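Everything below concerns the one structure shown next.
Only a predicted model underlies this, so the values are computations on that prediction, with no experimental measurement involved.
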Amino acid sequence: MAIAEQILPPRFLSLIIQIIITMNLFWFQSDTVEASLPIGYPSILKTDKETEVLVALSLSISCNIIELLSLFVGYTIFSYATGMISICSHVSGSIVMAFVLLESMPVTSLWYNFAFTCLLPVIVEITTAIAISRMQGGR
């Protein structure tokens, strides 16, 4: 069994774990926002932070779904570098999201999490899929 075939299950599981934790953050969004706000916060600040969290989580889940669909299509299923970037990104993203969910971390950390653990892997995935489809089209 090739190395690229061995990284497929951890890649799929790390992506699914991050999707599940993101959905949990959706469900407990108001609790997460309240835990990150200072004592005696104004209600407008809570509304702004809830909107910010909603947008960050929506973008995160959409990038993860795009990557999951791309994985199911199979263009990048045996790409070792893409798989390792995806695994490392999603495992670290799951850890950060778990800390946001369980601890009272600032919700602005979700934007950094989105950029480095959701957006980066989906850009690599799409770039690899385009490169592979161009190579196959040249035959």
Side-chain angles (χ1 to χ4, degrees):
M1 184 179 256
I3 293 175
E5 293 173 358
Q6 292 176 353
I7 65 169
L8 182 61
R11 182 178 177 190
F12 176 75
L13 287 175
S14 64
L15 183 58
I16 292 298
I17 288 170
Q18 188 168 14
I19 290 172
I20 290 170
I21 293 175
T22 306
M23 287 181 185
N24 281 332
L25 276 169
F26 265 122
W27 288 326
F28 299 111
Q29 174 185 350
S30 64
D31 296 336
T32 305
V33 170
E34 285 179 10
S36 69
L37 291 173
I39 297 173
Y41 58 87
S43 63
I44 190 74
L45 181 62
K46 182 182 178 192
T47 307
D48 290 345
K49 289 294 182 182
E50 282 182 346
T51 304
E52 180 181 345
V53 168
L54 180 67
V55 171
L57 291 176
S58 298
L59 289 173
S60 296
I61 199 79
S62 62
C63 285
N64 287 335
I65 296 297
I66 289 170
E67 190 172 355
L68 187 65
L69 291 175
S70 176
L71 185 66
F72 286 154
V73 169
Y75 273 124
T76 61
I77 204 165
F78 298 115
S79 174
Y80 179 74
T82 304
M84 288 307 295
I85 289 171
S86 178
I87 290 170
C88 293
S89 296
H90 292 302
V91 167
S92 61
S94 298
I95 291 169
V96 169
M97 286 187 156
F99 272 112
V100 169
L101 184 63
L102 298 174
E103 302 291 328
S104 55
M105 289 181 64
V107 293
T108 54
S109 63
L110 289 175
W111 286 109
Y112 298 113
N113 186 43
F114 164 71
F116 293 112
T117 67
C118 295
L119 190 62
L120 177 67
V122 84
I123 288 173
V124 170
E125 183 88 18
I126 290 170
T127 305
T128 305
I130 290 171
I132 289 173
S133 66
R134 283 191 179 174
M135 285 192 298
Q136 289 178 349
R139 289 184 181 179

I need the minimum non-hydrogen distance between [X] and [Y], along with the two atoms involved.
X     : Y      : answer
Ile21 : Ser94  : CD1-O, 3.6 Å
His90 : Ser14  : CB-O, 3.6 Å
Gly93 : Asn113 : CA-OD1, 3.2 Å
Cys88 : Ser92  : O-OG, 2.9 Å
Ser89 : Pro121 : CB-CG, 3.5 Å

Query - Shared-cluster residues of Phe114, by chain and number - hydrophobic side chains joined below 4.5 Å - result: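 Result for Phe114 is Val55, Leu59, Ile66, Trp111, Leu119, Val122, Ile123, Ile126, Ile130.
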Query - Of all pairs that satisfy side chain to side chain donor-acceptor pair (under 3.5 Å), the ones with a partner from residues 29-39, not counting sequence neighbours - result: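 Output for this query lists Glu34-Lys46.
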Contact between [X] and [Y] at the side-chain level, heavy atoms closer than 4.5 Å - yes or no?
X      : Y      : value
Gln18  : Cys118 : yes
Asn24  : Met97  : no
Phe12  : Leu68  : yes
Leu37  : Val107 : no
Phe116 : Val96  : no

Report task. Go through the steps to decide whether Ile132 and Gln136 satisfy the test side-chain contact (heavy atoms from CB on, under 4.5 Å), and finish with yes or no. Result -> CA-CA 6 Å; Ile132 289 173; Gln136 289 178 349; 3.9 Å; yes
**Report entry** Identified side-chain contact (heavy atoms from CB on, under 4.5 Å) partner of Val53 from the options Val100, Val33, Thr108
**Finding:**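 That would be Val33; it is the only one of Val100, Val33, Thr108 passing the side-chain contact (heavy atoms from CB on, under 4.5 Å) with Val53.
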In terms of hydrophobic clustering (I, L, V, M, F, W, Y; side-chain heavy atoms under 4.5 Å; direct or indirect links), are [X] and [Y] co-clustered?
X      : Y      : result
Val124 : Met135 : no
Leu102 : Phe28  : no
Met23  : Leu57  : yes
Ile17  : Phe72  : yes
Val73  : Ile85  : no

Result block: side-chain N/O donor-acceptor pairs under 3.5 angstrom for residues 38-45, not counting sequence neighbours:
none

To the nearest 0.5 Å, tell me how far [X] [atom1] sits from [Y] [atom2].
X     : Y     : atom1 : atom2 : value
Thr22 : Asn64 : OG1   : CG    : 5.5 Å
Leu71 : Leu8  : CG    : CG    : 6.0 Å
Arg11 : Ile77 : CZ    : CD1   : 7.5 Å

Requested in this report: Apply side-chain contact (heavy atoms from CB on, under 4.5 Å) to the pair Thr76 and Ser70, showing each step before the final yes or no.
Outcome: CA-CA 7 Å; Thr76 61; Ser70 176; 4.2 Å; yes
Query - Flag if over 12 foreign heavy atoms under 6.0 Å of OH, Tyr75 - result: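 No, the 6.0 Å shell around OH holds no more than 12 heavy atoms from other groups.
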Query raised in the report: Will you find, in the side chains of Thr128 and Thr82, an N or O donor that is under 3.5 Å from an N or O acceptor?
Result: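 Judged by distance alone, the side chains do pair up.
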